[in-house]
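Source: prediction; values computed, not measured.
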Amino acid sequence: MERFPSSMDYVNMMAKLGDLKDEHYRNTLALSTIIELLVDKGVLTRDEVERKAAELDAFMAHSPYPTV
């Protein structure tokens with residue numbers, strides 16, 4: 001028999017979504033911090049970071065791998 005989600009199921013789902021949002025923010029902050037430190041130390045330039053980001057974005061948009 002199929003069970004319909006209860007109000008508590010929705011509350012739990014929203015709590016999990018909120019946790020994911022917080023985790024996403026912390027991960028994005030950590031990556032941004034690392035990139036800024038590498039640029040500040042002269043290990044990378046902003047142009048290099050932007051070029052690589054564009055390259056990876058294009059790769060993901062047109063993946064050479066077959067889709068199922």
In chain order, what residues pass the salt bridge (Lys or Arg N to Asp or Glu O under 4.0 Å) check against Glu36, with sequence neighbours excluded? Arg46
Give me the atom names and distance for the closest heavy-atom approach of Val49 to Val39. CG2-CG2, 4.4 Å
Listed by chain and number, what are the side-chain contact (heavy atoms from CB on, under 4.5 Å) partners of Leu38, not counting sequence neighbours? Ile34, Val43, Leu44
Remaining members of the apolar cluster that contains Met8, side-chain heavy atoms under 4.5 Å: Val11
Can you list, pair by pair, the side-chain donor-acceptor contacts under 3.5 Å of residues 13-29, counting residues two or more places apart and other chains?
residue : atom : partner : partner atom : Å
Asn27   : ND2  : Glu23   : O            : 3.4
Thr28   : OG1  : His24   : O            : 2.9

With sequence neighbours left out, what residues match Glu50 under salt bridge (Lys or Arg N to Asp or Glu O under 4.0 Å)? none
Expected output: side-chain Asp40 to main-chain Leu37 donor-acceptor under 3.5 Å: no
Any chance you could pull the hydrophobic cluster mates of Leu56, using side-chain heavy atoms under 4.5 angstrom and chaining through other members? none
